[in-house]
Protein chains: 2
Amino acid sequence: MTDQSNGASRAPTIYDVARVAGVAASTVSRTFSRPGRVRAETAERIRRVAVELGYHANPIGWAVPAGRTSMMALVISDITNPFSNQIIHGAHAAAAEAGYSLLLADAQESVLREREVLERSISTVDGVVLATSRMPDAAIRTMAKQRPLIALNRAIADVPCIVTDNPRGMRRAVEHLAALGHQRIAYAAGPEASWADGVRWRSLRTAATEMGLQARRIGPLEPTIGGGAAAAAELSRHPSTAVIAYNDLVAIGLIQALAARGVAVPRDVSVVGFDNVYAGELVTPALTTVAAPLHAMGLTAVRNLLAVIRGARPHAREPVMLPSRLVVRASTAHRRRNRTSPAWGTTSVSGSVAKSSRLTVSGSR
Amino acid sequence: MTDQSNGASRAPTIYDVARVAGVAASTVSRTFSRPGRVRAETAERIRRVAVELGYHANPIGWAVPAGRTSMMALVISDITNPFSNQIIHGAHAAAAEAGYSLLLADAQESVLREREVLERSISTVDGVVLATSRMPDAAIRTMAKQRPLIALNRAIADVPCIVTDNPRGMRRAVEHLAALGHQRIAYAAGPEASWADGVRWRSLRTAATEMGLQARRIGPLEPTIGGGAAAAAELSRHPSTAVIAYNDLVAIGLIQALAARGVAVPRDVSVVGFDNVYAGELVTPALTTVAAPLHAMGLTAVRNLLAVIRGARPHAREPVMLPSRLVVRASTAHRRRNRTSPAWGTTSVSGSVAKSSRLTVSGSR
DNA sequence: TTGAAAGCGCTAACAA
DNA sequence: TTGTTAGCGCTTTCAA
């Protein structure tokens, strides 16, 4: 009554093929790994038997003697974030191109889980890309000792890193807002454990100071739509005419929540995001944002990791910095000069700029 | 001058620990795999040595005798599609919860690449979730013989499948449009290799016929924003007052392209999408869509796969069907009765419904 | 409670 | 060109 129909019967091994074909196991191995070193007829016979038996080389048997698995791990702080999508895509492309498989691990914005998934996967893979890590520097350094590791979107001494030029991007954003006449800029901050958040806030303060503007900080916030909504509440209490958000999601959430309160973007407030997430083009008003080359970052991280795996010495001294640029769309506009503070709480619609946010306001009342 | 600072020195093995601790390798193994079968003192000593040496069990050594790797592959037709995001998320959650790692493979909408990545990973993993596959049924069945496999979003005889209730979802959409007074519905079709596309189109035709409506098909289209734009061109030539799109991306692209031509949604045309992608809530007008429980699908697929891996007999007879529901938002509205065909090409704005799409129109002229 | 030995699927080194 | 042997890191008998 025993029923093995489940495919539970062991897959055929190299020995099965060898036996049926009447050759030594090593010959079978050679047939697949170095063809040419096997007589054509023999190879042919072996190949036929292999197909017949449904033999497929088992890479894990191969990985033991080789000491490497041709897999790399991509540990990412939050898969849900649209931010992740393009990074994953770029990383996967570079990995596949090199014959590597990608082990994906989601940390769900939790340091604990990040460490868990990292520890589980690190010994299986030849290397690790750690994207937007929330772990402390020391923990990351420890991991980096075990396996080749590259940190993405984070700078850590003695660990090869890839970051975007946040300071320059932030400066561009501030210059843009200054040119539009804004004098006080609020920063809707991200998670405290975020390295990028720290850099962005410091860069904003520096740039603002140099240009004679005022900067203040709201948060920390969840790096999500919900976080943006929370920022709106805070912003209502202490208005600003311009806000730079930790990321696009926060910016979008902020715009929506502001709209629900009758505050229109960009009429009353200008909003700038970070990351240039796909949805940012789609929303109304389209989001002005500091674009990070997400796809390129994933790509570069994996390529550099491969180089390290193959024995290159990472120049851990200073992080590889990828350029970022300001994408100006519709969520920023001239500060209105007819009032000193924006029309918080009023619902009057007038002026030409106002038209372009009319919908959002009327739609949510 | 040889410099091994690269961490290239082999990681410590169970034998290293055994030697230093002065015990047999099997004792070290036991210490970690079945504590309790080792004397407390000995175990303690071994553990201390392990930490000291920085020993970490190598799962690939473990996988050889065990014959399983505690990894599963998720092969997905297109990572770029926001659709994928939530599926991946659900799948990862279920896998992690069971102590499994997830090997992610992107097919980039190419049958060829799909087969490649699948073949590369299939023998490494204990099972495969094949999401939105574009491969022919026969090829999938062949793969399913090699390893436990579950198809997501696709029904294949003799292969365990998980699908959403497309017919019911489509019927809801049609009923909704009929109730709004629409009599001709255009379907903006997806890729020809897409199983879901076939089901959706057939369901639309059936539902339309039963309700005495007319249905026609535009496409095939790329399942992207660009595909939606292409549909807009076609739609201009043969107007309809209502369109159901293969997915949300097509719907969004269509709405945008229509707006660029001065056709407003939902004033002139009502548009319904499929999938309930995140961005659908964010766009203007917010998208009416047939929601698939994407996260639940990823979750269910992995859980069922785990069951099969553990020896359960999959009930391959009929696919597991997850419910879908219609999410009504702002991209659908009553058909305007003051004209027989919509105001294609005109730019007049009037009526209360019109207001809610004013922006899109004015913004893009 | 511990040790010795064999074996998982594969490759590499050496012999024939 | 092919076969034999040893070994990758680990677990699992079987003895002691």
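Scope of the values below: all heavy atoms of this structure, side chains included, with no hydrogens, waters or symmetry mates. Computed from a predicted model, the values in this text were never measured in an experiment. Numbered from 1 within each chain, the chains take letters A, B, ... in sequence-line order.
- The pair B:Asp137-B:Arg154 counts as a salt bridge, with a side-chain nitrogen and a carboxylate oxygen less than 4.0 angstrom apart.
- The distance from the CD atom of B:Glu97 to the CZ atom of B:Arg303 is 4.5 Å, given to the nearest 0.5 Å.
- Checked by atom type and distance alone, the side chain of A:Arg141 never pairs as donor or acceptor with a backbone atom of A:Asp158 at under 3.5 Å.
- A 4.0 Å heavy-atom criterion places the boundary nucleotides of DNA chain C facing chain A at C:dC8 to C:dA13, written 5' to 3'.
- Across residues 34-52 of chain B, B:Arg34 each have a non-hydrogen atom less than 4.0 Å from an atom of DNA chain D (numbered order).
- Atom CG in A:Leu305 sits 5.0 Å away from atom CE in A:Met72 (nearest 0.5 Å).
- Contact record, B:Met71 with B:Val125: O-CB, 3.4 Å, taken as the closest heavy-atom pair.
- Interatomic distance, A:Asn304 CG to A:Ile150 CD1, rounded to the nearest 0.5 Å: 4.5 Å.
- One finds the CZ atom of A:Arg134 at 11.0 Å from the OG atom of A:Ser110 (value rounded to the nearest 0.5 Å).
- Looking at B:Asp126, its side chain does come within 3.5 Å of a backbone N or O of B:Thr69 through a donor-acceptor pair.
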For this session: Could you run through nucleotides 5-10 of chain D and give me one letter per nucleotide, 5' to 3': B if any protein heavy atom sits under 4.0 Å from the base, S if only the sugar-phosphate is that close, - if neither?
Result: ---BBB
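- A pairwise comparison of heavy atoms in A:Asp106 and B:His89 identifies OD2-CD2, 3.5 Å as the closest pair.
- Between the side chain of A:Ser84 and the backbone N or O of A:Thr80 there is no donor-acceptor pair closer than 3.5 Å.
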